[in-house]
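For reference, the structure discussed in these notes is given below.
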Amino acid sequence: MTETTTPTATADVVIIGAGFAGLTAARELRHAGQTVIVLEARDRIGGRTWLDTQLGRPLEMGGTWVHWTQPYVWAEMKRYGLGTVQSPVPETAYWWGDGKRHQGDPEQLLNEIDASNRKLVADSRRYFPEPFTPFANPDVSGIDATSLPKKIAELPVSDYSKDILESFWALNFNGPIDDAAFTQALRWVALTNGDWMVNFEACATFKIQGGTGALIIAMADGTDVRLGTTVLAVEQHDDGVSVRAADGSKYRGKHVICTLPLGALPGISFEPPLPDSSRKAVAEGQVSKGIKAWIAIKGTRKPFVALGSADWPLNFAQTEYDQDGDSILVAFGPDSARLDASNLKQVQAALDLLLPDCEVLDIASHDWTADPLSGETWPMHRAGFLTESLADFQKPQGRLVIAGADYANGWGGFIDGAIESGLEAARTVHDKGLS
Ligand SMILES: Cc1cc2nc3c(=O)[nH]c(=O)nc-3n(C[C@H](O)[C@H](O)[C@H](O)COP(=O)(O)OP(=O)(O)OC[C@H]3O[C@@H](n4cnc5c(N)ncnc54)[C@H](O)[C@@H]3O)c2cc1C
């Protein structure tokens with residue numbers, strides 16, 4: 001069937017979403033000589049990265065830390081001449097285990113995690129010998145239905161160690177880990193050659209100089225981005241694809257790249273519909289339904305790190321900045337429905353559990369989970385997602401290609417994965433040609 005209505009604009013490729021995946025794909029296709037329009041619902045680019053100014057300074061409300069083990073984002077930083085800025089090295093650690101608060105050297109906390117975590121992820125390279133090719137070992141299908149808590153429960157370690165380990169992984173998943181995929185934990189650690197400590201360093205140590213905003217602005221240069229354009233429908237025809245937005249505008253391309261997170265995909269209707277396996281994954285969503293909060297506390301504190309219980313409203317905090325004689329912490333909790341991070345009293349109560357004597361002065365956060373344009377924080381898969389759904393998401397559906405960090409092969413929960421997936425999508429569309 002061919003489509004007859006007159007579009008608002010046409011391009012070789014219409015890309016939905018101006019996060020790292022969408023803007024990577026756009027740049028690559030433009031450089032390959034194709035015309036591109038990027039449609040973005042928000043009034044800004046960057047998606048789940050957002051360098052905002054709150055609490056009187058620039059703060060990353062979403063994705064932040066990068067690492068030299070992440071090849072795609074590292075290459076982009078080199079390309080645009082951006083270095084790194086290190087987060088403060090903690091001098092004290094607080095943690096919770098066996099129903100008690102413990103305090104000590106940060107090395108001590110790392111060692112407490114190490115004994116059990118090493119056992120948990122011992123097989124990461126066996127199952128994921130090529131971490132950017134997640135199906136390289138077919139044995140993966142035999143363990144993908146296994147949940148992370150089941151594997152933690154089986155470990156021959158004390159309840160104290162299990163308390164700490166569960167909270168550590170609730171932090172990594174940024175969600176309650178009941179349905180978290182064991183394979184997801186193994187995939188993460190395989191990316192740092194089986195060394196979970198390097199992986200942890202990758203998650204919370206080095207920030208992009210000038211913030212994520214500096215990188216995304218550089219990558220977007222020259223791309224036609226239509227902000228405030230919320231896509232509602234994607235319809236494929238014999239000779240192209242039409243895209244309809246909430247403001248009544250219509251776009252037409254030979255191909256469409258859709259970079260929506262799993263949690264935002266319900267916002268768009270697809271004709272023909274996505275495969276059953278994709279729709280099942282959309283219905284279930286990601287595990288990561290947590291919260292990231294910035295908290296200004298009274299007085300300067302020596303850098304510390306705090307890991308609480310897996311089910312606390314905030315189960316992790318670390319000092320990030322000194323400002324005007326006060327300190328700014330970054331904190332994470334596993335369930336955004338259990339903590340209104342804009343409510344000072346709730347945040348104070350949550351922080352009181354984590355560490356003593358902190359007076360909360362001010363807070364800043366964005367609820368990515370409640371936000372229909374994300375519906376999750378960083379993508380973390382449920383048990384079964386890898387073998388049931390990932391391959392179908394990665395396969396082109398006619399003229400539609402799905403891309404984004406949620407569907408990456410390597411650093412899927414990260415900026416790196418978004419860039420990897422954007423590159424793949426651009427190559428797929430380019431290889432298909434413009435017929
Ligand atoms: C709180 C938090 C902390 C994180 N921390 C880190 C970290 O430290 N390091 C790291 O590497 N990664 C981190 N991440 C993950 C990282 O930010 C993401 O994996 C990455 O930015 C995702 O990029 P993307 O392009 O795949 O998706 P997105 O950035 O989500 O881009 C998708 C775009 O589509 C738009 N969109 C949605 N629906 C529609 C629609 N219907 N029509 C038009 N546009 C639409 C969205 O507004 C968005 O701009 C974090 C994420 C969060 C939320």
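All ligand and atom numbering here is 1-based and tracks the order in the structure.
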Nearest protein heavy atom with distance in Å, relative to [atom]:
| atom | answer |
| --- | --- |
| atom 44 (N) of ligand 1 | A41 N, 3.2 Å |
| atom 46 (C) of ligand 1 | E40 OE2, 3.5 Å |
| atom 31 (O) of ligand 1 | G19 CA, 3.7 Å |
| atom 42 (N) of ligand 1 | V231 N, 2.9 Å |
| atom 32 (C) of ligand 1 | T259 O, 3.5 Å |

List ligand 1 atoms under 4.0 Å from [X], heavy atoms only on the residue side.
| X | value |
| --- | --- |
| T229 | 42 (N), 43 (C) |
| G47 | 29 (O), 48 (C), 49 (O) |
| G404 | 26 (O) |
| T230 | 41 (N), 42 (N) |
| A405 | 19 (O), 22 (C), 26 (O) |
| T64 | 5 (N), 6 (C), 7 (C), 8 (O), 9 (N) |
| W65 | 7 (C), 8 (O), 9 (N), 10 (C), 11 (O) |
| L39 | 43 (C), 44 (N) |

Quiz item: So F332 and W378, would you call those rings parallel, tilted or perpendicular, with 30° and 60° as cut-offs?
Solution: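 Taking W378 first and then F332, their aromatic rings stand perpendicular (interplane angle over 60°).
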
Quiz item: Aromatic rings F385 and H381: how do their planes relate, parallel, tilted or perpendicular, breaks at 30° and 60°?
Solution: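 Aromatic pair F385/H381 classed parallel.
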
Exercise. Return yes or no for this condition: an N or O of F20 is under 3.5 Å from an N or O of ligand 1.
Key: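 Among all N and O atoms of F20, at least one is under 3.5 Å from an N or O of ligand 1.
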
Quiz item: ligand 1 and I268, any nitrogen or oxygen pair closer than 3.5 angstrom?
Solution: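 In this structure, I268 places no N or O atom under 3.5 Å from an N or O of ligand 1.
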
If you measure only the distance, is there a donor-acceptor pair under 3.5 Å linking the side chains of [X] and [Y]?
| X | Y | answer |
| --- | --- | --- |
| Y94 | T92 | no |
| D371 | H366 | yes |
| D352 | Q348 | yes |
| W169 | N117 | yes |
| S242 | H237 | yes |

Quiz item: What residues, two or more places apart in sequence or in another chain, satisfy salt bridge (charged side-chain N to carboxylate O under 4.0 Å, His left out) together with E388?
Solution: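 Residues passing salt bridge (charged side-chain N to carboxylate O under 4.0 Å, His left out) with E388: K280.
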
Quiz item: T192 side chain to V189 main-chain N or O, any donor-acceptor pair under 3.5 Å?
Solution: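 Indeed, once roles are kept as given, a pair shorter than 3.5 Å links the two residues.
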
Quiz item: Between the side chain of Q394 and the main-chain N/O of Y407, is any donor-acceptor distance below 3.5 Å?
Solution: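 Yes.
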
Quiz item: Under a 4.0 Å heavy-atom limit, does I415 contact ligand 1 with its side chain, its backbone, both, or neither?
Solution: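 Both of them.
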
Quiz item: For ligand 1, which part of F414 has a heavy atom less than 4.0 Å away: the side chain, the backbone, both, or neither?
Solution: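 It is both parts that get close, each with some atom under 4.0 Å.
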
Quiz item: Of E320, K207, K292, which is the lone residue that meets side-chain hydrogen bond (donor to acceptor under 3.5 Å, both in side chains) with T64?
Solution: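 Filter result, single survivor: K292.
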
Nearest non-hydrogen atom to [atom] belongs to which of [options]?
| atom | options | answer |
| --- | --- | --- |
| atom 6 (C) of ligand 1 | G62, G46, G63 | G63 |
| atom 15 (C) of ligand 1 | A202, G413, G417 | G413 |
| atom 30 (O) of ligand 1 | R44, R48, K292 | R48 |

Exercise. Using the salt bridge (charged side-chain N to carboxylate O under 4.0 Å, His left out) rule, collect all pairs that involve residues 166-182, keeping only residues at least two apart or in two chains.
Key: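 Listed by first then second residue: D179-R382.
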
Practice problem: Work out whether the distance between some heavy atom of S374 and some atom of ligand 1 is less than 4.0 Å. | Solution: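 So S374 does not count as touching ligand 1.
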
